[in-house]
Asker: 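Dumping the structure here so I can ask a few things about it.
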Number of protein chains: 2
Amino acid sequence: MKSKLLLILLSATLAGTATAQVKPEDAIKWRQSGYGFMAWNMARIKMNVEGGNYNKDEVIKAANAIQAIANSGMGALYLPGTDKGKGWEETRVKPELFTNKEGVGKVAGAFVKEANEMAKVAATGDAAAAKEQFGKLGGTCKGCHDDFKAKR
Amino acid sequence: MKSKLLLILLSATLAGTATAQVKPEDAIKWRQSGYGFMAWNMARIKMNVEGGNYNKDEVIKAANAIQAIANSGMGALYLPGTDKGKGWEETRVKPELFTNKEGVGKVAGAFVKEANEMAKVAATGDAAAAKEQFGKLGGTCKGCHDDFKAKR
């Protein structure tokens, strides 16, 4: 861990940002971690909106986690050289993610928008509204996966 | 994915909570994901407070992600039967985590407190205060790892 951080500290910063170059395998692992943690929170929201036993606090915690991850700037983890490689597992990113900037911007923007809205709706405790918003949010996950994530 | 969610929906809820039983391997993977994503964000904050090039927005995004994950209720992922098993990798949790409830409560409470404070301090943009708070937050990570995470 220490040597990893040292590497981060020593490496050059990218143009105009404080994003440093990290090891490709770390970048892949970290982004897979973000999606993996969101998967839990999506499952929790789904259970609450479809299970007939709505727990407002659970949905708020889940929606807040998704919102914070969505707004964390994960795009910085798609560094050059991370189109192939293994984090927790082999990356399933499609090459298009690195070339179709307009398409990526569109799906990423939609995702962030609906994640922010999900957190807002969760805070109200309105189960029906949460269910509807969960559908919209899930649609933006799928939209990105369809275009930019390879199927197994 | 569909069958996993179905399993969640069909399974019994635990006493008094909306936490459903999930597959042990999913619970382990999801908690490893949470820690993995926090590792990125800790690395980002470290880079900013030690790198001599403080980017307020980067630190805010990172601190907010850590805060939301810290407050997400990850404890629910330490289900009975997840003391051994493989998520992304074999779990490194020590058996003590499942027996020493008081000790776990203490380190978890300290972590959540310092994660909340980190987000507050980050919002001010005060680099020196962020550096100090980063040290405190990192101390709570280490405190838990020392007691409840096996070394490689």
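All values below were derived from every heavy atom in this structure, side-chain atoms included, with hydrogens, water molecules and symmetry-related copies excluded. In the text below, chain A, chain B and the rest are named by the order of the sequence lines, each starting its count at 1. From a predicted model like this one, the values you see are computed outputs, not experimental measurements.
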Asker: With hydrophobic residues grouped by side-chain heavy-atom distances under 4.5 Å, do Phe111(B) and Val121(B) end up in a single group?
Answerer: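 No, no single cluster joins them.
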Asker: If you count heavy-atom pairs under 4.5 Å with chain A, which of Ala62(B), Ala68(B), Ser72(B) comes out on top?
Answerer: Ser72(B)
Asker: Tell me, with the steps shown, if Met74(B) and Phe37(A) meet side-chain contact (heavy atoms from CB on, under 4.5 Å).
Answerer: CA-CA 10 Å; Met74(B) 279 180 76; Phe37(A) 200 69; 3.7 Å; yes
Asker: At a 4.5 Å cut-off on heavy atoms, which part of Leu77(B) comes close to chain A: side chain, backbone, both, or neither?
Answerer: side chain
Asker: Does CD belonging to Glu25(B) count more than 12 external heavy atoms closer than 6.0 Å?
Answerer: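 For Glu25(B), atom CD is crowded (more than 12 foreign heavy atoms under 6.0 Å).
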Asker: A quick test of your reading: do over 12 heavy atoms of other residues, nucleotides or ligands sit less than 6.0 Å from NZ of Lys94(B)?
Answerer: yes
Asker: Is it possible for you to say whether Met118(B) and Ile60(B) belong to one hydrophobic cluster, with membership spreading through side-chain heavy-atom contacts below 4.5 Å?
Answerer: no
Asker: I need the Trp88(B) CH2 to Gln32(A) CD distance, nearest 0.5 Å.
Answerer: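 If we round to the nearest 0.5 Å, Trp88(B):CH2 and Gln32(A):CD are 5.0 Å apart.
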Asker: Just how far is it from atom CG of Asn41(A) to atom CD1 of Ile69(B), taken to the nearest 0.5 Å?
Answerer: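 Going from CG on Asn41(A) over to CD1 on Ile69(B), the span is 8.5 Å.
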Asker: How long is the straight-line distance from CD of Glu89(A) back to NZ of Lys29(B), given to the nearest 0.5 Å?
Answerer: 5.5 Å
Asker: Starting from Ile28(A), can I reach Trp30(B) by hopping between I/L/V/M/F/W/Y residues whose side chains sit under 4.5 Å apart?
Answerer: no
